[in-house]
Number of protein chains: 2
Amino acid sequence: MAVTGIKEVARRAGVSLGTVSNVLNRPDSVAPATRKRVLDAIDELGYVRNDSARHLRAGSSRTVAIVVLDVSNPFFTDVVQGAEAVVEAAGGMLVVCNSGQDPAREGRHLATLEEQRVRGLLITPVENGRHERLERLVDRGIPVVLVDRGSGQLNRCSVAVDDVLGGRLAATHLAELGHRHIAFVGGPVAIPQVADRHAGAAAALAEHGGGVDLEVFETKSLSVTAGRQAAEDICALPHSRRPTAIFCANDLLALGVLQGLTIGGLRVPEDMALVGYDDIEFAAAAAVPLTSVRQPREQLGRTAAQLLLEEADTDAAHGHRHVVFQPQLVVRQSTATAGPRRRGR
Amino acid sequence: MAVTGIKEVARRAGVSLGTVSNVLNRPDSVAPATRKRVLDAIDELGYVRNDSARHLRAGSSRTVAIVVLDVSNPFFTDVVQGAEAVVEAAGGMLVVCNSGQDPAREGRHLATLEEQRVRGLLITPVENGRHERLERLVDRGIPVVLVDRGSGQLNRCSVAVDDVLGGRLAATHLAELGHRHIAFVGGPVAIPQVADRHAGAAAALAEHGGGVDLEVFETKSLSVTAGRQAAEDICALPHSRRPTAIFCANDLLALGVLQGLTIGGLRVPEDMALVGYDDIEFAAAAAVPLTSVRQPREQLGRTAAQLLLEEADTDAAHGHRHVVFQPQLVVRQSTATAGPRRRGR
DNA sequence: ACCACGGGGTGAAACGTTTCACAAGCTGGT
DNA sequence: ACCAGCTTGTGAAACGTTTCACCCCGTGGT
């Protein structure tokens, strides 16, 4: 009921402002009897701290933000859960912002978060390279940890999975199955993960020798719909120019591709092998269980949050660390063939 | 660079505090020349508003929160996206909190949000019935909109989908296919959605006549893992006591059940028909595309956010509204049989 | 010449905390 | 008796905005 604050409480308990504040923040420094009176008053009045005032005075807030590329991608929700666990255990609050792979939206979120003087920031930036806005946050003293991204120009802590290696694993697997014409479905290529996974695949195939061809089909986004679209394009190709295997930058894409291929009358893995990336929970439950490159999603989030809190707690300079996890290939039915049936030559 | 605020800007631009504030909040009331000087100063100093101070003074904040049962459930991420669109269009910020179906965690979130004096709250409460904490927020004047829940005791706006009807649709569909022993997999039953969907199914079967049996298998949560577990239990049943169809409270559960049945050697739909709920994007991409009850997820979020903002903008009393959407049965392969093969009688 | 008016600007108060230097009252050692 | 040292509590300043009453001055009407 009472819209007022500490003052009212103080009056009611017959103590001074400072004492109430002490009860709230350093309960042990207050005599038990007084403490009880104050707590009772708080209860009766239904008093609730005003965070704005507290942080205005204290300078820093206790919320940590995470800005992800796509909230509806299970990969990110798992990362979020990992981070959440750590932040909450430390008594903080994690707010989730969704950039939706849109730089403008990312910018707006960062602006708001900057105004909010968040305690720290976990982010998977939409674009690589210098990031003016992000650097401003850093200059302002807000710890930033890059998630699923090498630290790039920005000298920050980072947590990532080796995407180049992931690409290698996928491509090597397909090459070893005998595929000679492989499609890479992913995009926009400006997204570093996409670029790295492609680069890894390309490098592995080059080393593998035997002139394996990697053809890129760029998509507008990393979504199921985009995958379905790409599959339709591939189905429309004349048989002789059609790849025999597809490596998707993402499980969402792979799931879409799977649907598209089915619509187009191509069977997986008989007519087309398929490899995804992320190994989200739904990959194993897909129409054809998906071979995929697994990333330690939750651990990524947990580690990122830990690094962040560590940096935030360290008053002095802090050595930035880069943690890189190794991805792992999980083979399932979508690549369960001896290889492509040779044709046309 | 400058850690300071408006004061510094004022000095640099050679104006008073009030003028800077006016430039920020009512630009038109300031002469163009002065305005430019101020804006330049802001730029040079890299000044960024301090939200805490602003809201301390102004009383209310511009962030809206949504508390969901499970961030990693695609149903909720879609709801979130809908709400996000509306809130951002109105210049606000949406923070996502995850209760993980844990009342304690929900409580902690609400406490924090109350301290933060959020502008409004979208919530799917973990439990039904009186909700003391929520009522406090309401008393405090914070608009609350219930998502995917009837308004219960609380006289609030609400947005929901008719879960009883959804349960009916699913059960009727199965009964019409000739199933006489149907399992309901879902839980905890304390969750209203679960209860309603079950109630709807039970009611429909009672009306349908013909002594259709609905057996409940309660799960600990609405997750893929819980579903897998339940399926194992069902597989372990002697053939004669085993249901011929399963209705899951949730697609996640259904996906898990599908996996569990496969492991247990039962085929869908030949040996067991399966119906899910939510029609998440992955339902159509499942090993056996899932028959499911579709809900207008994004629209749910959008509408909820609109009601909330409307209430927040209305100073005076505001008539609470309850919007109820109709679910829709989407039939796919997981129920694509003429009915159960008769056995043992 | 005078007044009313309005655009443009000022400066201090207020928002609700936390912090900090300090005071008051005890305890126990000398 | 006296002082040192501790525990408990006090009150005012400060945090960075926004708001509000008010002032200054040029303009146009009389």
Side-chain angles (χ1 to χ4, degrees), chain A residues 1-39 41-42 45-63 111-112 114-119 140-141, chain B residues 1-39 41-42 45-63 111-112 114-119 140-141:
Chain A
M1 203 90 327
V3 71
T4 3
I6 236 182
K7 217 175 326 190
E8 194 91 357
V9 175
R11 174 136 44 84
R12 176 126 181 174
V15 298
S16 77
L17 281 193
T19 304
V20 178
S21 176
N22 281 335
V23 170
L24 259 24
N25 302 303
R26 283 172 297 279
D28 303 320
S29 80
V30 164
T34 337
R35 194 192 316 155
K36 174 154 191 332
R37 263 190 308 150
V38 173
L39 289 176
I42 287 180
L45 259 34
Y47 163 77
V48 173
R49 247 204 197 99
N50 182 327
D51 225 37
S52 299
R54 184 231 269 272
H55 292 142
L56 167 58
R57 179 65 237 240
S60 87
S61 115
R62 282 179 324 142
T63 57
T112 312
E114 193 177 355
E115 291 188 356
Q116 243 140 231
R117 306 289 196 265
V118 288
R119 176 90 181 283
R140 189 163 234 103
Chain B
M1 202 88 329
V3 70
T4 5
I6 236 182
K7 218 175 325 190
E8 195 90 358
V9 175
R11 176 138 43 83
R12 175 125 181 175
V15 298
S16 77
L17 282 193
T19 303
V20 177
S21 177
N22 280 336
V23 169
L24 258 26
N25 302 302
R26 283 172 298 277
D28 303 320
S29 82
V30 167
T34 338
R35 193 192 317 152
K36 174 152 191 335
R37 262 189 310 154
V38 173
L39 289 175
I42 287 179
L45 258 35
Y47 164 77
V48 172
R49 248 206 196 95
N50 181 326
D51 225 36
S52 299
R54 183 231 271 271
H55 292 141
L56 167 57
R57 180 66 239 244
S60 87
S61 110
R62 280 176 331 137
T63 58
T112 311
E114 193 177 355
E115 292 188 355
Q116 241 138 235
R117 306 289 196 267
V118 288
R119 174 92 181 282
R140 190 163 233 102

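Side-chain atoms are counted along with the backbone in the values below, which use heavy atoms only and exclude waters and symmetry mates.
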Which part of the nucleic acid, if any, lies within contact of A:N25, taking any heavy atom under 4.0 Å across all strands shown: a base, the sugar-phosphate backbone alone, or nothing?
sugar-phosphate
Rounded to whole angstroms, how far apart are NZ on A:K7 and P on D:dT10?
16 Å
Counting any heavy atom closer than 4.0 Å, what does A:T34 reach on the DNA or RNA strands: base, sugar-phosphate only, or nothing?
sugar-phosphate
Side-chain donor/acceptor of B:R57 to base of D:dT17, under 3.5 Å:
no
Spell out, as yes or no, whether a donor-acceptor pair under 3.5 Å connects the side chain of B:R26 to the backbone of B:V23.
no
Return yes if some donor-acceptor pair links the side-chain N/O of A:R119 with the main-chain N/O of A:T63 below 3.5 Å, else return no.
no
Spacing of B:H55 atom NE2 relative to D:dC15 atom C1', expressed in whole Å
16 Å
What is the distance from atom CZ of B:R49 to atom OG1 of A:T112, rounded to the nearest 0.5 Å?
10.5 Å
Would you kindly give the CG-to-P distance between A:L24 and C:dT19, to the nearest whole Å?
12 Å
Under 4.0 Å from OP1 or OP2 of C:dG8: is there any side-chain N or O of B:R35 that close?
no
Once you round it to whole Å, what is the distance between P of C:dC15 and CG of B:N50?
18 Å
Would you kindly give the CZ-to-C1' distance between B:R54 and C:dT17, to the nearest whole Å?
20 Å
Options D:dG16, C:dG9, C:dT18, nucleotide nearest the side-chain atoms of B:V30:
C:dG9
Listed nucleotide nearest any side-chain atom of B:T19, set C:dT17, C:dT10, D:dG16:
C:dT10
Between C:dT18 atom C1' and A:I6 atom CD1, what is the distance in whole Å?
8 Å
Over all atoms of both residues, closest heavy-atom pair of A:A41 and A:R12
CB-CG, 3.7 Å
Just the rounded figure in Å: distance from C1' of D:dG9 to CZ of A:R11.
19 Å
Are the side chain of A:R35 and the backbone of A:P27 linked by a donor-acceptor contact shorter than 3.5 Å?
yes
Touch class at under 4.0 angstrom, heavy-atom based, for A:A31 against every strand present
sugar-phosphate
Between A:R26 and B:A53, which has a closest nucleotide on DNA chain C that is more 5'?
B:A53
Between A:A33 and A:L17, the residue closer to the 5' end of DNA chain D by nearest nucleotide is A:A33
Rounded to whole Å, please give me the gap between CG in B:D28 and P in C:dG7.
12 Å
